[in-house]
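This report concerns only the one structure given below.
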2 protein chains.
Amino acid sequence: MRIGELAARGGTTARAVRYYESLGLLPGRRSGNGYRTYDEDDLRLLRQIRTLQDFGFGLEETRPFVECLRAGHPEGDSCPASLAVYRRKLGELDALIGELTAVRAQVADQLARAERARDELAAEAGVPGGPEPECELGGRAT
Amino acid sequence: MRIGELAARGGTTARAVRYYESLGLLPGRRSGNGYRTYDEDDLRLLRQIRTLQDFGFGLEETRPFVECLRAGHPEGDSCPASLAVYRRKLGELDALIGELTAVRAQVADQLARAERARDELAAEAGVPGGPEPECELGGRAT
DNA sequence: CGTTGCCTTGACGCCGACGTCAAGGCATAC
DNA sequence: GTATGCCTTGACGTCGGCGTCAAGGCAACG
Ligand SMILES: [Zn+2]
Ligand SMILES: [Zn+2]
Ligand SMILES: [Zn+2]
Ligand SMILES: [Zn+2]
């Protein structure tokens with residue numbers, strides 16, 4: 001199989017495959033005419049990389065999985081090094097989700113506060129001598 | 001106040017301040033000697049930018065808030081445009097948190113499955129004729 | 001024979017938010 | 001005077017994961 005077919009079957013592009021090879025994640029065997037040539041094992045490697053990429057793993061983080069497969073082990077995550085990456089990633093995900101959740105709450109608070117302020121201004125505007133309308137409609141620039 | 005003091009009081013660097021100015025987020029007033037000069041209002045602008053940055057907003061997303069403040073409105077989020085950014089961001093955060101949570105679950109599944117497979121191999125290894133040890137300890141490369 | 005299609009290497013572009021020199025000007029302190 | 005420290009513009013570097021030409025080779029089809 002040549003690079004185009006490998007890429008298509010792996011759900012990516014030839015350019016990406018060459019890039020993975022440049023990182024040493026995929027082999028660079030050549031056939032007589034100089035074309036890269038791949039077998040089903042290589043497709044497994046590529047699919048392992050893609051799966052992890054879809055999980056948000058960086059390419060370097062896929063290396064233990066790839067090396068595990070290349071060592072002939074049954075799965076890319078048969079090795080302790082791969083399990084360690086899983087665990088580290090779980091920690092990172094939890095931390096990130098926690099941060100994002102906290103930020104979400106803060107942004108929701110800000111929105112609520114700003115809407116409340118806006119409504120109060122609108123209520124005052126209902127009475128004579130109330131404040132001017134909102135932004136874009138004019139303001140007292142400094 | 002000159003750029004160094006502004007940056008320090010705003011919790012950032014002079015380089016960042018110049019960058020914000022290049023985007024039109026901060027003014028570029030100069031004093032006689034060519035130095036940039038700032039007042040307390042500018043510090044409010046900078047702090048508004050930093051706060052939103054800490055929330056993960058892109059600099060372009062801070063523009064409505066900054067323009068609102070520069071228009072003399074009481075808060076950066078007094079304008080509908082700012083509120084719209086808040087709401088859009090809430091949606092993005094919810095989407096992102098959802099994706100990350102789903103990924104977290106998948107990674108946890110993978111980890112559990114891999115650990116189970118490892119333990120099964122270890123159990124079989126306890127009996128004679130069991131499989132070889134894990135990765136890095138040897139494998140039948142292809 | 002030419003045309004098409006896939007392949008090759010090399011190299012620069014992109015995104016965002018700056019960091020990091022380089023080379024020089026201004027102002028205060030000693 | 002000069003040493004120090006902050007300021008100026010300009011320009012290139014960073015990180016990741018490729019995209020996108022450019023210029024040319026190999027193979028099959030008609
Ligand atoms: Zn093979
Ligand atoms: Zn292994
Ligand atoms: Zn002002
Ligand atoms: Zn406003």
Side-chain angles (χ1 to χ4, degrees), chain A residues 1-39 42-43 45-66 85 88-89 92 96 100 103, chain B residues 1-39 42-43 45-63 65-66 85 88-89 92-93 96 100 103:
Chain A
M1 169 173 35
R2 292 176 304 179
I3 196 170
E5 187 183 345
L6 178 81
R9 292 180 62 190
T12 185
T13 67
R15 179 69 181 88
V17 170
R18 291 193 200 98
Y19 182 57
Y20 300 156
E21 178 188 327
S22 78
L23 297 181
L25 292 172
L26 292 181
R29 290 186 308 272
R30 308 302 179 103
S31 57
N33 55 11
Y35 289 9
R36 290 171 178 83
T37 184
Y38 303 95
D39 62 15
D42 301 326
L43 180 57
L45 294 183
L46 179 55
R47 285 184 168 152
Q48 175 75 79
I49 294 172
R50 293 296 303 168
T51 299
L52 296 176
Q53 279 261 90
D54 290 344
F55 285 167
F57 286 52
L59 287 176
E60 282 309 320
E61 293 178 318
T62 72
R63 194 177 296 277
F65 296 82
V66 169
V85 173
R88 189 159 48 77
K89 209 65 188 180
E92 291 176 13
L96 186 53
L100 290 176
V103 165
Chain B
M1 171 175 27
R2 292 177 303 179
I3 195 169
E5 187 184 345
L6 179 80
R9 292 181 61 191
T12 184
T13 67
R15 179 69 182 88
V17 170
R18 289 192 201 99
Y19 181 58
Y20 300 157
E21 178 188 327
S22 79
L23 296 181
L25 292 172
L26 292 181
R29 290 187 307 273
R30 309 303 179 100
S31 56
N33 54 11
Y35 289 8
R36 290 173 179 81
T37 185
Y38 303 95
D39 61 16
D42 300 326
L43 180 57
L45 294 183
L46 179 56
R47 284 184 169 155
Q48 174 74 79
I49 294 172
R50 293 296 304 166
T51 299
L52 296 176
Q53 279 261 93
D54 289 344
F55 285 168
F57 286 52
L59 287 177
E60 282 308 320
E61 294 178 317
T62 72
R63 194 177 297 276
F65 297 80
V66 169
V85 173
R88 188 159 49 77
K89 210 65 188 179
E92 290 176 16
L93 282 168
L96 186 54
L100 290 176
V103 164

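Within every chain, numbering begins at 1; the chains are lettered A, B, ... in the order of the sequence lines, protein sequences first and strands thereafter.
- Here B/Arg36 lies in heavy-atom contact (under 4.0 Å) with sugar-phosphate atoms only.
- Heavy-atom distances under 4.0 Å link DNA chain D to B/Arg2, B/Ile3, B/Gly4 of residues 1-11 of chain B, given in residue order.
- Counting only residues at least two apart or in different chains, salt bridge (Lys or Arg N to Asp or Glu O under 4.0 Å) contacts with residues 57-66 of chain A comprise A/Glu60-A/Arg63, A/Glu61-A/Arg88, A/Glu61-A/Lys89.
- Between A/Leu59 and A/Thr62, the closest heavy-atom pair is O-OG1, 2.6 Å.
- Mapping heavy-atom proximity under 4.0 Å, the span of DNA chain D touched by chain A runs 5' to 3' from D/dG17 to D/dA27.
- Between B/Thr13 and the phosphate of C/dG19, there is a side-chain N or O to OP1/OP2 separation shorter than 4.0 Å.
- B/Thr37 OG1 to B/Met1 CE: the interatomic distance, rounded to the nearest 0.5 Å, is 8.0 Å.
- Interatomic distance, CG of B/Asp42 versus CZ of B/Arg29, reported as 4.0 Å (0.5 Å rounding).
- Taken together, the paired segments of DNA chain C that extend over three or more consecutive Watson-Crick or G-U pairs, each closer than 3.5 Å at both contacts, are C:1-30 with D:1-30.
- Shown for residues 46-59 of chain B: no residue has heavy atoms falling under 4.0 angstrom of DNA chain D.
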Anything under 3.5 Å between a protein N or O and an N or O of nucleotides 12-15 of chain C, put it in a table, one pair a line.
none

Counting only pairs under 3.5 Å, give me each side-chain donor-acceptor contact of residues 48-56 of chain B, with atom names and distances, residues two or more places apart or in other chains.
| unit_1 | atom_1 | unit_2 | atom_2 | d |
| --- | --- | --- | --- | --- |
| B/Thr51 | OG1 | B/Arg47 | O | 2.8 |

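- Across the protein-nucleic acid pair, B/Leu23 atom CG and C/dC18 atom C1' stand 10 Å apart, rounded to whole Å.
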Review item, side-chain donor-acceptor pairs of residues 2-11 of chain A, under 3.5 Å, at least two apart:
| unit_1 | atom_1 | unit_2 | atom_2 | d |
| --- | --- | --- | --- | --- |
| A/Arg9 | NH1 | A/Glu40 | OE2 | 3.1 |
| A/Arg9 | NH2 | A/Glu40 | OE1 | 3.2 |

Just list the side-chain donor-acceptor pairs under 3.5 Å for residues 14-27 of chain A, sequence neighbours left out, or say none.
| unit_1 | atom_1 | unit_2 | atom_2 | d |
| --- | --- | --- | --- | --- |
| A/Glu21 | OE1 | A/Arg36 | NE | 2.6 |
| A/Ser22 | OG | A/Tyr19 | O | 2.6 |

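- To the nearest angstrom, C1' of C/dA17 lies 5 Å from OH of B/Tyr19.
- Positionally, the nearest nucleotide of DNA chain C for B/Glu60 lies more toward the 5' end than for the other of B/Tyr35 and B/Glu60.
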